[in-house]
Structure formats: C-alpha cells, structure tokens
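Have a look at the structure below before the remarks.
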Protein chains: 2
Amino acid sequence: MQQKVHQLFADIIDVHYPKSACSACDLRDLWCLPIGLKSEEFHQLDNIINRRKRIKRGEHLYRVGDVFRSLYALRTGFFKTLFISENGQEHVTGFHMTGELLGLDAICNDNHSCNAIALEDSEICEIPFSALENLCREIPALQKQFHKIMSREISRDQGLMVLLSSMNADERLAAFLLNLSQRFGARGYSPHQFQLRMTRGEIGSYLGLKLETISRTLSKFQEDGLISVQNKHLVLNDLARLKRITERTHTNAAPGSAQT
Amino acid sequence: MQQKVHQLFADIIDVHYPKSACSACDLRDLWCLPIGLKSEEFHQLDNIINRRKRIKRGEHLYRVGDVFRSLYALRTGFFKTLFISENGQEHVTGFHMTGELLGLDAICNDNHSCNAIALEDSEICEIPFSALENLCREIPALQKQFHKIMSREISRDQGLMVLLSSMNADERLAAFLLNLSQRFGARGYSPHQFQLRMTRGEIGSYLGLKLETISRTLSKFQEDGLISVQNKHLVLNDLARLKRITERTHTNAAPGSAQT
DNA sequence: CGTTGTGTTGACGTGTTTCAAACTACGTGG
DNA sequence: CCACGTAGTTTGAAACACGTCAACACAACG
C-alpha cells in the first residue's frame, strides 16, 4: 500500500525512447529489473530480453493455462490481470502500469493462472525466465533486485487482503484512488488528475464491491467536493482528506494479545 | 487455493527426528526448500541453517520493524502472521504450518512488515537470507525451488483476494476449512478431523468476517450435519458438500470482455 | 444513426455487523 | 483441588451497509 517509490523523475514519459535497450530505458529507476546494475551488466540483461512487443487495447498478453516461459516488463500502457472462476466469472486481481513486472504468479505452476489484458495500447519487454534465472546466478545485484520485486508483490497482495477484509466501500475506494494517484505521480504524471483506464465494474471486481456501489461512492465523493469525475477523467481535489478516509477506525480485527 | 501438495507421505509426523540436518529432515518432500537437491547440495544448505530454535505458544518469531536477516522454515508447530494498522487493530494475514517458509514479505523492505506469533509450541529453522542468496547462485535447483516458493505465496495471496472479494460467509468458511483439511492431510494428519489452533476472532480477521459470524456459521454447518464442532475440535463429515458450497455462483465479478 | 457497452440513480431486500447478555473453557494461585 | 478471573464462545434482536433489480442516460463506434 505505501510503496516507497521514487518520486524523483518527472520527465520519463514524454521523452522519446531513443533505443530500447535496458541500459537506455527510462524505467530503470522504477521497479523494473535493472535497478542498481553496472553498465557491463546492463548489456548482459539486454541480450536476453526481447524488446518492444506491442499489445493493442483489449488483447491478451497471456491467458490462463498458457505455458509459462517469460516474465513481462510493462514498458508503456496499462494492464489488468484477472482470474476466472469455475462458473466463468472474472475477478480482477490487479492493475498494472509502466515499469511493473507481470507473470510472477506463474513461476510456481509452469503455466499461467490468470489472464493479462491490455486496457490501452501497450508495449512490453519479454524476459525469458530461464535466461533470467541464469543471469541472476551471475549478477548478485540482479538476483537481489528480482527477489525484492517478488517480495514486494507479496506485500502488495497482503495489503490488498487487509483492505478487502477490513474496509468499507468509502475506505476501499479512497485507498484505491490514492494508490493510483501515487503510482501516476511516481511515473511523472500528475497525482492530482488522471484518466481511469478501467470500468466501474472492473474497479468493483478488484475492490470486492458492485459497480453500482463504485458509481454511487464516486458520486458521493464528488458531492463532498473530494473529487471531480467526468466519465473516466478524475480530479482529486483533496489528497489529505482522502487519506484520512482510509484511516478511519473500524473493528474488523482480531481481539486479544494486544501487547505493545 | 488448490495447492498441488504431495499427498504421499502419511508418516512424517510421528517419527522421531534423529538428526535435524536438512538431509535428514522429514519435511524435505513438502514445500520446504531442499526439494530436489542432491545429497552433496543438502550439506551445503545444512551449513548455513541454524537449526531447531524453539518458540513457545504466544511468543513472537519476529515483529513489525525487526530488521530482516533471515527466513524461517517451520519445522513443527503452528503460526499466525498479522499486520497492525495505525489504529492498533490486528489483521491476520495467514496461518502457517509445518514445512512452510515465513518472512518472504520482508525481503523487499529489509525489515519485517508483520508479526509472526506461535499458536502452539513450535520449532523453526533459521535461514540467513544473504547466505541463502549466495547458495542459490551456486545451486540452480535451490534457486528454482526458492523462486517457486515465492511465486506460490503470490498465488496463495491472490486466491485469498478472490475469496475476500467475491464469497459470502458460508463460502469463505467452507473454503477455509477445506484448506486446513487439505494441508493437514498433506502432512499425514487426518483431513477429516483436527484441532483448530486459532480463535474464532482470528479466523474472522483472516476471512474478513466478525467472530460472531464465524460462530454462527459453524453452528449452522453443524445443524446441517456438515461438520461437528466442540470447542476447537473439528470433524468434517462431508468434504464433498463443503466443496460444493465454495463453488456456488455469485455475481461479484467484472462484466464485459467475456471472450472464450 | 442505431447499436452496444458503460454509467447513474432510485427503491427495495438481505446478509452481515453491532450491541448485549449469558455461558463455557482455561489457567493461576491460594 | 477448588475458586476465581479472564479469555473465548454462543445466541438473540435490531440496525445498516451493500447488493439486487430496474429504468434511464450517455458515450463510443462502426
């Protein structure tokens, strides 16, 4: 939830990508793999990565059951990942943006257990996993970074578990909007306004709420002057007050053993 | 949710532990690290592991903010892990039993972000993480296994996210009981009856329900003849019917894009 | 310019929480 | 070993937050 993402680079988006090698990739200070590598090591990483595959809006990057061979680094664009349960219902498990790594949940199975679908035209780098493992054995900094990325995914999911098991609709949506804001901010976009790439239904599926509840809560936030919504365009007028909503006290927690 | 755990070893529990080296550890076929190592490699792993630390019931293995140096393999016993939110409320994020690895969420932070508390007298093996990373660079099978364990943790958490965002109280509790049953079964205990190590409140915190709801739902299951509860002792009379409960159709899913 | 997907809003229903009271198991110390 | 206090559990009645169903509005797209 409170990912320590560097807020330092306000210009990574609108530049042109001169080359697409990792060593030239503007994302390397984000949570992408190459963080902290020496230039020599960059080139080793470059060599294993298949660069710049394009995925159009609505297309799948992978599907449930696909053989797992590669991780995917999201270069530009926006993805959702989702499970499909026996009865055919979709459950959105995440929204993913520039610099994030997709496919980590498939390593344990040798095939993918969720679908990844582009919510806007996107570009990804394919990282063959066995080659990455080989390289991790040669480059300790890469190994360390990869472990941190996996661990961070675990932390992120656990944060969402806490949200889902203890927050009401207002709190969930406020936390969701703040999370988007913070991630856009970290990528050089404005944290105060942005386009929602997903539908109300997808937000609801992700937050464990119905789409009507999302719509109503957005309307309420707007009436309260917290935000302004028009279709998918969102303006956050008061980040501090949104934050305060997420911190409201509830009682859906385990009692006992409240040692300090 | 549907972890492919080997059901093959019905005798791992009641034997004595002659030595406690990894190579002699009865857990090595479970999801503990050494799966698939050669005997020579076992000894390398043995050398870095500090064996058989005892944690009494109610004691912490680690706390929020503790510096992260080691992972912990649970040798015998039972743990819960929990977050504490700003307002001091506890949120149980997991229950952990024999053969599982604790502390994976701390790798990304260099300190622990949750508390791990023993729910019964337990024994753990401490695995210094930097030594493990070094060894992973030397032993590909160990590296592969470690990556699978981390990925499996991600899958597990995502399964719980789906549960929390789309299931009602009956379904959550049925899924929870089946999960316990399956994990006890995989460890050579009976999948049909066992002791609950945790309180109703802790189950509720984990499942996003109040303790009263857990109590009521257990009572209802008992009236229906599905289970028998007496305090913490639980008998599952009809696993198939429990399973069917978890598969009931709901509508808390994203609409649209239902391509096959 | 209609069609389809998406969003909004209202009225109503219901599953879960809240609050409260009583009961049971458990551990400690006398 | 019993008495006591504490922690945990059960059950009921009432309140409420969110879901359900339905009607309509709007936008995007071919």
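Reminder, nothing fancy here: chain letters follow the sequence lines and each chain counts from 1.
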Quick tally for nucleotides 19-29 of chain C: nucleotides whose base has a protein heavy atom under 4.0 Å get B, sugar-phosphate-only ones S, the rest -, giving B-----S----
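- Of the candidates C:dT17, D:dG19, C:dG7, the closest approach to any side-chain atom of A:Thr213 belongs to D:dG19.
- Rounded to whole angstrom, the span from the CZ atom of B:Arg172 across to the P atom of C:dG15 amounts to 14 Å.
- Between the CG atom of A:Leu196 and the P atom of D:dA27 there is a distance of 16 Å, given to the nearest Å.
- In the helix from C:dC1-D:dG30 to C:dG30-D:dC1, the rotation axis of the first five pairs and that of the last five pairs differ in direction by 50°, rounded to 10 degrees.
- For B:Arg216, there are no salt bridge (Lys or Arg N to Asp or Glu O under 4.0 Å) partners two or more places apart in sequence or in a different chain.
- If you measure from atom CD of A:Glu202 to atom P of C:dG7, you get 8 Å, rounded to the nearest angstrom.
- In this structure, B:Asn231 has no side-chain contact (heavy atoms from CB on, under 4.5 Å) partners at least two apart in sequence or on a different chain.
- B:Asp157 pairs by the side chain to side chain donor-acceptor pair (under 3.5 Å) definition with nothing, not counting sequence neighbours.
- The separation between B:Leu209 atom CG and C:dT18 atom C1' is 14 Å, rounded to whole Å.
- Looking at heavy-atom distances under 4.0 Å, B:Lys232 makes contact with sugar-phosphate atoms alone, never a base.
- Checked by atom type and distance alone, the side chain of B:Asp238 never pairs as donor or acceptor with a backbone atom of B:Leu226 at under 3.5 Å.
- Between B:Leu173 atom CG and C:dT16 atom P there is a gap of 11 Å when expressed in whole angstrom units.
- Note on A:Ser219: every side-chain N or O is 4.0 Å or more away from OP1 and OP2 of C:dT8.
- Protein atom NZ of A:Lys210 is 17 Å distant from nucleotide atom C1' of C:dT8, rounded to whole Å.
- Sequence neighbours left out, not one pair with a member in residues 223-235 of chain A passes salt bridge (Lys or Arg N to Asp or Glu O under 4.0 Å).
- Among residues two or more places apart in sequence or in another chain, the side-chain contact (heavy atoms from CB on, under 4.5 Å) test is passed with B:Val64 by B:Asn115.
- Here A:Glu126 pairs with A:Ser70 under the side chain to side chain donor-acceptor pair (under 3.5 Å) rule; sequence neighbours left out.
- Rounded to a whole Å, the CG atom of B:Leu211 is 14 Å from the P atom of D:dA7.
- Applying the 4.0 Å criterion to OP1 and OP2 of D:dT9, one finds that B:Arg200 has a side-chain N or O inside that range.
- In this structure, A:Ser122 contributes its side chain and A:Phe78 its backbone to a donor-acceptor pair below 3.5 Å.
- Residues satisfying the side-chain contact (heavy atoms from CB on, under 4.5 Å) test with A:Ala106, not counting sequence neighbours, are A:Phe68, A:His112.
- Remark: C1' of C:dT8 and CD of A:Glu223 are 12 Å apart, rounded to the nearest angstrom.
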